Amino acid sequence: MARIIGAVASTHVPAIGKAIADHKENDPYWKPFFQGFDYVHQWLAREKPDVAVVFSNDHGLNFFLDKLPTFAVGAASEYRSEDEGWGIPVSKSLKGDPDLSWHIINSLVADEFDITMCQEMLVDHAVTIPMTLMWPNQAWPVKVVPVSINTVQHPLPSVARCYKLGQSIGRALDSYKKDLRVLIVGTGGLSHQLDGKRAGFINKEFDTLCLDKIVNDPQTLTGYSIRDIVEEAGAQGVELLNWVAARGALTGKVSEVHRNYHIPISNTAAATLVLDNKPSSRLKAA
Ligand code: DHB
Ligand code: FE
């Protein structure tokens with residue numbers, strides 16, 4: 001049976017890719033951020049995931065404003081990176097796991113989620129940056145299933161809907177017959193706004209509240225409307241939806257094992273969180 005080992009959630013600021021390419025990890029600006037990944041590397045080396053289900057948002061690479069699915073799931077055997085610039089070197093392709101993708105897609109549709117299934121999908125910085133932060137040499141030991149959530153063009157899915165999407169994927173993973181160790185990844189955020197009057201807006205208090213709630217009380221976050229999140233976290237702070245969905249996919253007993261919060265990285269509050277997921281006793285007994 002597949003086993004969900006836990007989650008890593010991370011910002012996906014593109015400038016991080018340029019900093020890695022330029023070997024700036026120890027520069028004073030970058031060090032407090034990159035240091036936050038030392039623990040992540042140890043945890044991943046110990047936990048040895050086989051596959052990663054990555055919740056993120058596409059930034060106009062696969063889907064533009066003319067056609068933008070609320071939820072899309074990749075079912076490709078390979079995901080090429082064709083990012084839109086920001087000085088990031090093009091990263092290596094990621095390997096997919098079509099069999100697991102189709103299992104998730106079938107389960108989601110049976111569970112009444114009307115998702116878009118993508119047999120071809122590219123990945124942008126929302127996937128490649130967190131993957132490179134976790135495995136800096138890009139020798140990725142995992143296959144991936146990308147799940148794309150619209151955080152770009154309104155109307156966005158509600159926090160509650162994203163949480164339920166994650167829960168549905170968590171149940172799908174729990175019923176997957178192959179012996180895989182599954183890592184859940186949530187990317188983006190936390191608070192940031194890239195344009196308009198509030199460009200540069202960051203809200204540490206709200207981010208801290210969100211981090212605490214993601215760990216221990218994710219249900220409470222479903223009480224926030226999208227408008228509330230935009231107000232509290234900024235126009236792009238709605239990438240929090242990816243974190244909420246990722247948290248929903250953790251079906252067992254969840255505990256925080258690592259947190260780093262550093263502001264700013266570029267225009268963004270850069271948060272890193274590692275959550276451990278112990279299977280519930282019902283699942284252990286099964
Ligand atoms: C930045 C943050 C993002 O989430 C993104 O997609 C692009 C840029 C930034 O802070 O620079
Ligand atoms: Fe983003």
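Start at 1 and go down the list; that is how both ligands and their atoms are numbered. From a predicted model like this one, the values you see are computed outputs, not experimental measurements. Residue numbers run from 1 in the order of the sequence given.
For ligand 1, the atoms closer than 4.0 angstrom to any heavy atom of His125 are 5 (C), 6 (O), 7 (C). Close contacts between ligand 1 and His192 involve ligand atoms 2 (C), 3 (C), 4 (O) [criterion: under 4.0 Å to a heavy atom]. Close approach to Ser266 involves these atoms of ligand 1, each under 4.0 Å from a residue heavy atom: 9 (C), 10 (O), 11 (O).
For the side chain to side chain contact (heavy atoms under 4.5 Å, CB included) test with Met131, the passing option among Val127, Ile129, Thr128, Leu133 is Val127; the others fail.
Sparse packing is recorded around CZ of Arg80, with 12 or fewer heavy atoms of other residues, nucleotides or ligands lying under 6.0 Å away. Other residues, nucleotides and ligands contribute more than 12 heavy atoms inside 6.0 Å of the OH atom of Tyr29.
Residue Pro14 places a heavy atom under 4.0 Å from ligand 1.
Put simply, His125 stays out of reach of the Fe ion (ligand 2), with no N, O or S atom under 2.8 Å from it. Within the coordination shell of the Fe ion (ligand 2), defined by N, O or S atoms under 2.8 Å, His12 is present.
Of all N/O/S atoms in Glu239, OE2 sits nearest the Fe ion (ligand 2).
Salt bridge Lys178/Asp99: present, at least one basic N to carboxylate O contact under 4.0 Å. Checked for salt-bridge contact, Glu78 and Lys95 miss the test: no charged N lies under 4.0 Å from a carboxylate O.
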Given His154 and Ile226, is the side chain to side chain contact (heavy atoms under 4.5 Å, CB included) satisfied, shown in steps?
CA-CA 9 Å; His154 295 260; Ile226 293 297; 3.7 Å; yes
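With a 4.0 Å cut-off on non-hydrogen atoms, Thr11 does not touch ligand 1 at all. Residue Gln236 does not touch ligand 1, judged by heavy-atom distances below 4.0 Å.
Checking Asn150 against Thr70 by side-chain atom types alone, no donor-acceptor pair falls below 3.5 Å.
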